[in-house]
Amino acid sequence: MKEAYDVLVVGGGPGGALAAKAAAEQGLSVLLVEKRPAIGAPVRCAEGIGKEALAEFIEPDPKWIAADLDKAVLIGPDGTKFTIGDSHSGGKVGYVLDRKVFDRELVWQAAEAGAEIQVHARASAPIMIDGKVSGAVIHQHGKTYEVRAKVIIAADGVESKFAKWAGINTTVPLAELETCAQYIVNDIDIDERANLFYFSYTDAPWGYIWVFPKGHRCANVGIGIAGTKSGEGHRAKDYLDRFIAREFPNGKVTELIVGGVSVCKPLDCTVADNLIIVGDAARLSDPITGGGIYNAMYTGKLAGEVAAAALKKGDTSKKALMVYDNTWREGPLGHALARNYAVKESFIKMDDAKFNSIVHSMSDLSLDEITVKSLVIAIFKANPWLALELPRLLMTL
Ligand SMILES: Cc1cc2nc3c(=O)[nH]c(=O)nc-3n(C[C@H](O)[C@H](O)[C@H](O)COP(=O)(O)OP(=O)(O)OC[C@H]3O[C@@H](n4cnc5c(N)ncnc54)[C@H](O)[C@@H]3O)c2cc1C
């Protein structure tokens, strides 16, 4: 580890990896520090991603694809199913990844581009000079180092502290922090090409349950519920155990993970002098699904490119880095996050009776495109009463 770099990336998830790769490809000296001893492990993710989204960044490779999907099935509180995609979708729907392998591949690509990677290396504090972030204190193998950098990219995920230490308010309201639990369940009867989403206030208050196949008779089965709904006997794991006992009583559990997902609005501003915040650290996961792999990759790559352009001009002030914030916020990602936040706020508190009526109304519909927008438009068409109940949501579509 040197004492100074052009760019320091804190965090070796998809956001950090793409940021480091993009910056190194521009010829910058880049250090990526990851606090865990192994990139990609333990996995805290259901590992689902759309094929087209992923193709923006990387060629699909069977070594990190656990399942190739052709449909998603939404299941209402009374068990009524609505399927999106199927044979008409041309196999475009999505993948379930093997993130232990996938995350390592992304970091390896950053290293190949010239970035230096240090694992088991935790950033414990920013170095502040004249009120500006100018590096970080790094702990590794019992030693402490000071690393200076001209631009620091905070890619430290949902548990992000770096931006907060640098004076930015990153607090997620408890009601907008989904608490999640997930098992890998083996030896179960599943459709290996379908992601299942169960919506029911009783089973998963202000959240949902997912069953994402991971190959033959194996799936990620998980739940996210609002942080405010979690309590004694009502923890995410308790709800999940009840679901598993009902749906997969003979399943064999081989892994449990717990984690959090923010479903709030993005940070008000994702840059400061010498600092860019990406992915989950910037609260950019999707407010409906909690999905954030694509958003982290997109903003990570953008951050690396913006850092390089700013360094070429010799200006890494907040004003110069604002092009990063403006680009994602005013582009398709920012619009999708704003719309999906409005959709989440409108639907999340609906009771099971209303959810049932919506899912019943959709059973005759056929939808090949899996986008929130196409789904919500279909829901409004099939349920004209929603236009009166949620008039402001219509404006966002
Ligand atoms: C249960 C669950 C299920 C999910 N399912 C999906 C899904 O199916 N599809 C989807 O798209 N998204 C899903 N997500 C969200 C997805 O995992 C994240 O959005 C994505 O990983 C964000 O990438 P990131 O690079 O921003 O952060 P992360 O992947 O969280 O990476 C951040 C990295 O920073 C490291 N780090 C943190 N602090 C420091 C520090 N001080 N110093 C050094 N390193 C540090 C961490 O160890 C971590 O490796 C799920 C999340 C959970 C919890």
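First listed ligand is number 1; within each ligand, the first listed atom is number 1. The residues of the chain are indexed from 1 along the displayed sequence.
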Any N/O of [X] closer than 3.5 Å to an N/O of ligand 1?
X	result
D280	yes
R36	yes
I293	yes
A281	no
W210	no
G48	yes

Which part of [X] is near ligand 1, with near meaning a heavy atom under 4.0 Å away: side chain, backbone, both or neither?
X	result
A155	backbone
K161	neither
R99	side chain
V261	side chain
Q182	neither
P14	both

Rounded to the nearest 0.5 Å, what separates atom [atom1] in [X] from atom [atom2] in [Y]?
X	Y	atom1	atom2	answer
Q118	L31	CD	CG	6.0 Å
Y239	I244	OH	CD1	16.0 Å
K237	L256	NZ	CG	6.5 Å

Could you tell me the residue and atom name of the protein heavy atom closest to [atom], and the distance to it rounded to 0.1 Å?
atom	answer
atom 5 (N) of ligand 1	A46 N, 2.8 Å
atom 43 (C) of ligand 1	K35 N, 3.3 Å
atom 37 (C) of ligand 1	D156 O, 3.3 Å
atom 34 (O) of ligand 1	G11 CA, 3.2 Å
atom 31 (O) of ligand 1	G13 CA, 3.4 Å
atom 1 (C) of ligand 1	C180 CB, 3.6 Å
atom 15 (C) of ligand 1	G290 O, 3.5 Å
atom 30 (O) of ligand 1	G157 CA, 3.6 Å

Does ligand 1 have an atom that lies less than 4.0 angstrom from a heavy atom of [X]?
X	result
F162	no
V10	yes
G260	yes
A121	yes

Output yes when [X] and [Y] qualify as a salt bridge under the 4.0 Å nitrogen-oxygen rule, no when they do not.
X	Y	answer
D238	R235	yes
K161	E159	no
K63	D61	yes
E116	K2	no
D286	K344	no

Run down the list [options] and name the one with the heavy atom closest to [atom].
atom	options	result
atom 10 (C) of ligand 1	A19, A17, G16, G292	G292
atom 42 (N) of ligand 1	A282, G15, A123	A123
atom 51 (C) of ligand 1	R283, E34, R44	R44
atom 13 (C) of ligand 1	A154, C45, A296	C45

Quick check on contacts: which atoms of ligand 1 are under 4.0 angstrom from a heavy atom of [X]?
X	result
V33	43 (C), 44 (N)
F212	8 (O)
R122	41 (N), 42 (N)
G279	26 (O)
G291	10 (C), 11 (O), 12 (N), 13 (C)

Does some side-chain heavy atom of [Y] sit less than 4.5 Å from a side-chain heavy atom of [X]?
X	Y	value
P126	I152	no
C269	K318	yes
L8	V33	yes

Under a single-linkage definition using a 4.5 Å side-chain heavy-atom cutoff for Ile, Leu, Val, Met, Phe, Trp and Tyr, are V185 and V96 assigned to the same hydrophobic cluster?
no
Applying side chain to side chain donor-acceptor pair (under 3.5 Å), which residue pairs with at least one partner in residues 255-270 are found, sequence neighbours left out?
S262-S285, T270-D325, T270-W328
Give every residue pair that meets the side chain to side chain donor-acceptor pair (under 3.5 Å) criterion with at least one member in residues 14-33, sequence neighbours excluded.
D6-S29, K21-Q109, Q26-K312
Flag for E176-Y341: side-chain donor and acceptor within less than 3.5 Å
yes
For the residue pair F197 and Y208, does the interplanar ring angle fall in the parallel (under 30°), tilted (30 to 60°) or perpendicular (over 60°) class?
tilted
Tell me, with the steps shown, if Y294 and I49 meet side-chain contact (heavy atoms from CB on, under 4.5 Å).
CA-CA 7 Å; Y294 170 83; I49 190 163; 4.2 Å; yes
Would you confirm whether the ring centroid of Y298 sits within less than 6.0 angstrom of the ring centroid of F57?
no
Using a cut-off of 6.0 Å, state whether more than 12 heavy atoms not belonging to K214 lie near its atom NZ.
yes
